[in-house]
Amino acid sequence: ATRGVKKNKQKKTKQKTMSLCRDIIATVVNSKQVAQLLAEKRATPTCFRVNSSHMELEVVRRFVEEYAALWAAGESPLPLYVDLQGSKLRVRRDQPELDLATGEIVRIHAVQAGAPAAAQGAEKVLLVDPQLLALVKAGTHVLIDDGKLELDIASVAGADATAKMTKGGHLRPGKGFNLRPHPVTLSTLTPRDRAFVEATARCPFVRYALSFAALPEEPEELRKLTASLTGTGKPAFVAVKLERELTPAATKSLAAACDEIWVCRGDMGVQLGLPALAKWYTEFDARAQGVPVIMAGEVMDHMCEECAPTRSEVCHLGDLISRGYTGIVLSNETAYGKHPADVVAVVHAVFAAFAQ
């Protein structure tokens with residue numbers, strides 16, 4: 001009986017410690033942004049993140065080297081998450097930026113691996129990989145960049161499809177290409193993700209965030225691969241990104257196979273629709289997962305343009321803390337926003353208020 005009481009006390013202490021952890025993960029696109037945030041005296045992130053889905057292998061390799069060089073000899077760099085694409089579908093990284101109007105007719109073209117993208121003419125063309133084009137047919141509804149753009153497929157022939165924009169907007173390279181429900185489930189790492197892991201796993205500060213995982217075999221393979229590469233036999237820290245609806249049992253299986261869960265509302269919202277996303281959020285129990293849970297996706301989006309948050313955003317931060325989330329991921333707020341240092345300082349201040 002005494003042993004059982006002691007075990008329960010240890011479990012409660014662990015849960016309390018997890019709930020007091022306040023991670024601010026800042027997404028960056030280059031090492032200069034890291035240096036600028038580190039130089040801020042008000043507050044700095046606790047971790048950084050780079051999304052390899054938008055970058056080529058050599059660019060990520062060079063970024064990791066530059067990142068390590070920002071710290072003085074003997075200092076341990078802050079953890080750096082490398083996002084892995086997993087089964088997430090995207091427009092190609094060599095996609096030119098386009099302004100697409102609602103009602104406009106566009107062409108979707110499948111570019112073979114290794115082939116250069118053709119120059120854009122008067123016709124507006126969305127570039128994808130052949131495997132992605134094979135998943136669509138006439139009548140398929142597509143949501144791009146977390147639903148900021150939408151289109152309906154009119155026809156598919158060979159390496160091309162014709163589509164009508166039902167929601168226009170600005171298209172940037174590498175953005176998510178969502179189909180509902182998500183049609184791809186992986187049980188193993190893709191060759192591309194494996195190459196990125198092999199190039200970065202020997203850096204002790206590198207962690208991984210795995211996109212669109214649905215089966216525990218994928219993070220388990222990632223952990224085994226990193227353990228074999230580090231030379232210590234110890235696997236790297238692995239976060240699993242929840243970006244599609246899973247049963248509670250499936251989520252628990254993923255949690256058991258990783259070190260941390262990220263709730264990614266961008267893709268999740270596209271997959272579920274906004275009303276269902278709100279319902280899912282209220283029913284999801286962060287404390288019951290057994291690992292730290294991080295919220296990602298436009299948490300402080302207003303501060304991409306403005307130097308102060310909305311009241312809704314700061315109240316939402318408080319709600320996340322009360323629900324047992326252990327931190328947030330800042331995405332566009334620090335990668336492309338106008339006030340990256342301000343948003344980090346605001347989040348620090350809110351977290352500090354709850355720690356008192």
S.K.: Please list, chain by chain and in numerical order, all residues satisfying side-chain contact (heavy atoms from CB on, under 4.5 Å) with Cys307, sequence neighbours excluded.
M.R.: His339, Asp342
S.K.: Look up atom CD in Glu221 and atom CG in Leu210, then write down how far apart they are to the nearest 0.5 Å.
M.R.: 10.0 Å
S.K.: Roughly how far apart are Leu135 CG and Thr140 OG1, rounded to 0.5 Å?
M.R.: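 Leu135 atom CG to Thr140 atom OG1 measures 9.0 Å (nearest 0.5 Å).
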S.K.: Identify whether the distance between the nearest side-chain nitrogen and carboxylate oxygen of Arg93 and Glu56 falls below 4.0 Å.
M.R.: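 A salt bridge is present here (some side-chain N lies under 4.0 Å from a carboxylate O).
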S.K.: Measuring only between side-chain heavy atoms, which start at C-beta, is Ile328 closer than 4.5 Å to Asp23?
M.R.: no
S.K.: How many angstroms lie between CH2 in Trp280 and CG in Leu272, if you round to the nearest 0.5 Å?
M.R.: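 Atom-to-atom, Trp280:CH2 and Leu272:CG are 8.0 Å apart.
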S.K.: Name every donor-acceptor pair, under 3.5 Å, that has one atom in a side chain of residues 65-78 and the other anywhere in the protein, sequence neighbours excluded.
M.R.:
residue	atom	partner	partner atom	Å
Glu66	OE1	Ser31	OG	2.8
Tyr67	OH	Leu78	O	2.7
Glu75	OE1	Ala72	N	2.8

S.K.: Indicate yes or no for a side-chain donor-acceptor contact from Asn51 to the backbone of Ser53 under 3.5 Å, with no hydrogens or angles considered.
M.R.: yes
S.K.: Within a strict 4.5 Å, meaning less than it, do heavy atoms of the Tyr281 and Asp319 side chains meet?
M.R.: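 When only atoms from C-beta onward are counted, Asp319 and Tyr281 do touch, with a gap below 4.5 Å.
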S.K.: Donor-acceptor pair, Glu333 side chain versus Ser331 backbone, under 3.5 Å?
M.R.: yes
S.K.: I'd like to know if Leu277 and Trp262 are part of one continuous hydrophobic network [Ile/Leu/Val/Met/Phe/Trp/Tyr, side-chain heavy atoms within less than 4.5 Å].
M.R.: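 Cluster IDs for Trp262 and Leu277 differ.
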S.K.: Quick one: does Pro235's side chain get under 4.5 Å of Lys224's, heavy atoms only?
M.R.: no
S.K.: Is there a path of hydrophobic side-chain contacts, each under 4.5 Å between heavy atoms, that joins Leu149 and Leu89?
M.R.: yes
S.K.: Measure the acute angle between the ring planes of Phe237 and Tyr81, then classify it against the limits of 30° and 60° as parallel, tilted or perpendicular.
M.R.: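 Taking Tyr81 first and then Phe237, their aromatic rings stand perpendicular (interplane angle over 60°).
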S.K.: Do we see a donor-acceptor contact under 3.5 Å between the side chains of Thr230 and Thr232?
M.R.: yes
S.K.: Considering non-hydrogen atoms only, spot the tightest contact between Met295 and Val263 and give its length.
M.R.: SD-O, 3.5 Å
S.K.: Give a yes or no answer on whether the side chain of Thr334 reaches the backbone of Pro340 with a donor-acceptor pair at less than 3.5 Å.
M.R.: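 It does not hold such a pair.
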S.K.: Heavy atoms, side chains only, cut-off 4.5 Å: are Thr46 and Arg22 in contact?
M.R.: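 Side-chain contact under 4.5 Å: no.
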S.K.: Could you check whether any side-chain N or O of Gln95 sits under 3.5 Å from a backbone N or O of Leu127, counting only pairs where one atom can act as donor and the other as acceptor?
M.R.: yes
S.K.: Is there side-chain contact between Tyr208 and Thr200, with heavy atoms separated by less than 4.5 Å?
M.R.: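 Yes - at least one pair of side-chain heavy atoms lies under 4.5 Å apart.
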S.K.: Looking at Asp267 and Arg244, is there a salt bridge between them, counting it only when a charged N and a carboxylate O are closer than 4.0 Å?
M.R.: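 Salt bridge between Arg244 and Asp267, a charged N being under 4.0 Å from a carboxylate O: no.
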S.K.: Answer yes or no: is there a donor N or O on one side and an acceptor on the other, between the side chain of Lys124 and the main chain of Asp99, under 3.5 Å?
M.R.: yes
S.K.: Tell me, do Val291 and Glu260 make a side-chain contact under 4.5 Å, heavy atoms counted?
M.R.: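 The answer is no; the side chains never approach within 4.5 Å.
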S.K.: Please give me the minimum heavy-atom distance between Thr282 and Arg323, naming the atom from each residue.
M.R.: O-NH1, 3.7 Å
S.K.: Answer yes if Ile294 and Ile261 sit in the same cluster of Ile, Leu, Val, Met, Phe, Trp and Tyr residues linked by side chain heavy atoms under 4.5 Å apart, and no otherwise.
M.R.: no
S.K.: Grab the two heavy atoms, one from Leu254 and one from Ala213, that are nearest each other, plus how far apart they are.
M.R.: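 Looking at all heavy atoms of both residues, the shortest contact is CD1-O, 3.7 Å.
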S.K.: If we ignore hydrogens and angles and just use 3.5 Å, is the side chain of Glu243 paired with the main-chain N or O of Cys264 as donor and acceptor?
M.R.: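 No: the side chain of Glu243 does not pair with the backbone of Cys264.
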S.K.: Test side-chain contact (heavy atoms from CB on, under 4.5 Å) on Leu98 and His170 and set out the steps.
M.R.: CA-CA 6 Å; Leu98 295 174; His170 185 73; over 6 Å; no
S.K.: Salt bridge or not for Glu58 and Arg61, using N-O below 4.0 Å?
M.R.: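 Looking at Glu58 and Arg61, the cut-off is met.
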S.K.: So Val346 and Glu313, do their side chains get closer than 4.5 Å, heavy atoms only?
M.R.: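 No; the side chains remain at least 4.5 Å from each other.
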S.K.: Do Val28 and Phe63 pass the side-chain contact (heavy atoms from CB on, under 4.5 Å) test, and can you show the C-alpha distance, the side-chain angles, and the key distance before you say yes or no?
M.R.: CA-CA 10 Å; Val28 293; Phe63 172 87; 3.8 Å; yes
S.K.: Nearest 0.5 Å please: distance from the OG1 atom of Thr44 over to the CG atom of Leu38.
M.R.: 6.5 Å
S.K.: Can you check side-chain hydrogen bond (donor to acceptor under 3.5 Å, both in side chains) on Asp193 and Gln85, steps first, answer last?
M.R.: CA-CA 7 Å; Asp193 285 347; Gln85 183 166 328; over 6 Å; no
S.K.: Leu84 and Ser211: side-chain contact (heavy atoms from CB on, under 4.5 Å), yes or no, with the steps?
M.R.: CA-CA 6 Å; Leu84 301 176; Ser211 294; over 6 Å; no
S.K.: Any donor-acceptor pair under 3.5 Å linking the side chain of Glu40 with the backbone of Gln36?
M.R.: no
S.K.: Has Asp129 got a side-chain atom pairing as donor or acceptor with Gln131's backbone, closer than 3.5 angstrom?
M.R.: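 Absent.
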S.K.: Taking all atoms of both residues into account, what is the closest heavy-atom pair of Phe351 and Ile321, and its distance?
M.R.: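 Residues Phe351 and Ile321, closest heavy atoms: CD2-CD1, 3.5 Å.
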S.K.: Assess the residue pair Arg90 and His54 against the criterion (side-chain contact (heavy atoms from CB on, under 4.5 Å)); give the C-alpha distance rounded to whole Å, side-chain angles, the decisive distance to 0.1 Å, and a yes or no.
M.R.: CA-CA 9 Å; Arg90 295 181 179 275; His54 300 296; 3.3 Å; yes
S.K.: Does any N or O in the side chain of Gln33 come within less than 3.5 Å of the main-chain N or O of Val29, such that one atom is a donor and the other an acceptor?
M.R.: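 Here the side-chain-to-backbone pair exists.
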S.K.: Between Arg92 and Val111, which heavy-atom pair has the shortest distance, and what is it?
M.R.: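 So the minimum-distance heavy-atom pair works out to NH1-O, 3.6 Å.
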S.K.: Identify the two heavy atoms, one from Asn178 and one from Gln271, that lie closest to each other, and give their separation to 0.1 Å.
M.R.: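 The answer is OD1-NE2, 2.7 Å.
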S.K.: Do the non-hydrogen side-chain atoms of Tyr336 and Arg172 ever get within less than 4.5 Å of each other?
M.R.: yes
S.K.: Could you grab the distance from atom CG of Leu330 to atom CD of Glu298, nearest 0.5 Å is fine?
M.R.: 12.0 Å
S.K.: Under 4.5 Å between side-chain heavy atoms, counting indirect links through other Ile/Leu/Val/Met/Phe/Trp/Tyr residues: same cluster for Ile105 and Met165 or not?
M.R.: no
S.K.: Keeping His182 on the side-chain end and Ser87 on the backbone end, is there a donor-acceptor pair under 3.5 Å?
M.R.: yes
S.K.: Answer with yes or no whether the hydrophobic clustering places Val270 together with Val329; edges join I, L, V, M, F, W, Y residues whose side-chain heavy atoms lie under 4.5 Å apart.
M.R.: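 Looking at the clustering, Val329 is in a separate group from Val270.
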S.K.: In Å and rounded to the nearest 0.5 Å, what is the CG to NZ distance from Leu151 to Lys164?
M.R.: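 It is 12.0 Å, given to the nearest 0.5 Å.
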S.K.: Strictly below 4.0 Å, N to O, side chains only: are Lys241 and Asp83 in salt-bridge contact?
M.R.: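 Between Asp83 and Lys241 there is a salt bridge, with a charged N closer than 4.0 Å to a carboxylate O.
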